[in-house]
There are 2 protein chains.
Amino acid sequence: MKSARQVFMEYLGDNGMSMTHQRRVIVETFLESEGHFTAEQLYTRVSSQVPDIGQATVYRTLKLLVESGLADAFDLGEGVTLYEHHYGHAHHDHLVCVECGRKVEIVDETIERRQAAVAQEHGFTLTRHRMVLYGLCPGCSGTG
Amino acid sequence: MKSARQVFMEYLGDNGMSMTHQRRVIVETFLESEGHFTAEQLYTRVSSQVPDIGQATVYRTLKLLVESGLADAFDLGEGVTLYEHHYGHAHHDHLVCVECGRKVEIVDETIERRQAAVAQEHGFTLTRHRMVLYGLCPGCSGTG
DNA sequence: CTATATGCAAACCATTTGCGCGCAA
DNA sequence: TTGCGCGCAAATGGTTTGCATATAG
């Protein structure tokens, strides 16, 4: 399997774009960042390593990361877009604690299968989906 | 079952709020509006009936409608919040055509059951969920 | 009367975009 | 050299909020 860097380089090449110092820093920082994070959080990390990289460039590069398949962008209903690694990572949905915000990655084959079936029943060709389960995590259940 | 108006009146009463001319118009217009619509669309409809009702009041009332359980607010990933009737309506998720935007309401008992099970497996008490399937509708499938 | 509501316009806030300079290939 | 890319700051756009006035009860 190609490395993430390689995938990004190819994406740039295929679209007549070039690798720049800024993009390299942002992509590296992105690849080193675990879990979910916002564009602003990534910007902060990038800035701590290399100041003078503009926020706009982080947003623009994040968009390229999504388009190239390296990143996944999603919204858990908190008004901000969250990003996470996508390339080489299995698909998953999210389970979110409405109390503390804790997020757990989930997958269920039965659900995945039924989603495709339901789409098909309506004549749709399913391309992707988004599922978020909201509830109280073990730690917050007793707090109610 | 109480009427939607009744539910709203009680909600207002329970929270020390009062029924006003504006709220009455907005709630009636909301109840007469079918399907999904944005705050702005509702505002437009309200204005056509009773001018001089501010957009802010529509937003504020829409929030009350959601809190009182009459409306459901959700985001299908298009950057705008959509609203629809909730009270007395069965839960459902959405199937959206990424080409033409067509929206179909869906429900699948198997999925619903598995969602609760998956949440439970992680010790979570499921309170609600959001699922959106994206794909190509029959009419757009051949367009590729 | 007194608290709540309203309209208006300004504020918000994450994200996008215009612009003139700068660097990659 | 020749555009693509960058930083900056201003613009966006849906939604929220502050404030002075108006109204429900």
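Just so we're on the same page: letters track the sequence lines, and every chain starts at 1.
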### Query
Along nucleotides 1-8 of chain C, 5' to 3', which nucleotides get a B, which get an S, and which get a -, given that the test is a protein heavy-atom distance under 4.0 Å?
---SSSBB

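- For B:Arg45 and B:Phe37, the positive end sits near the middle of the six-membered ring, less than 6.0 Å away and at most 45° from its axis.
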### Query
Step by step, would you call A:Thr29 with A:Gln49 a side chain to side chain donor-acceptor pair (under 3.5 Å)?
CA-CA 9 Å; A:Thr29 306; A:Gln49 295 184 266; 2.9 Å; yes

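- Within the structure, every side-chain polar atom (N or O) of B:Tyr59 is placed at least 4.0 Å from both OP1 and OP2 of D:dT16.
- Between A:Leu76 atom CG and C:dA14 atom P there is a gap of 16 Å when expressed in whole angstrom units.
- Between B:Leu82 atom CG and D:dT15 atom C1' there is a gap of 14 Å when expressed in whole angstrom units.
- The aromatic rings of A:His94 and A:His92 sit perpendicular, their planes meeting at an angle over 60°, well past the 30° parallel limit.
- Using a 4.0 Å cut-off, no side-chain N or O of B:Lys63 falls inside it from OP1 or OP2 of D:dT15.
- The residue B:Thr38 sits apart from the nucleic acid: no heavy atom pair falls under 4.0 Å.
- Following rounding to the nearest Å, A:Leu42 (CG) and C:dA14 (P) show an atom-to-atom distance of 15 Å.
- The separation between A:Gln41 atom CD and C:dT15 atom P is 11 Å, rounded to whole Å.
- Atom CD of A:Glu78 is separated from atom C1' of C:dT15 by 17 Å (rounded to the nearest Å).
- The distance from atom CZ of B:Phe37 to atom P of D:dG14 is 17 Å, rounded to the nearest whole Å.
- To the nearest angstrom, P of D:dT15 lies 9 Å from CG of B:Leu62.
- A:Arg114 has no carboxylate O lying under 4.0 Å from a charged side-chain N of A:Glu109, or vice versa, which leaves the two without a salt bridge.
- B:His91 has its ring centre less than 6.0 Å from the ring centre of B:His129.
- Between A:Glu84 and A:Glu34 the shortest side-chain heavy-atom distance does not fall below 4.5 Å.
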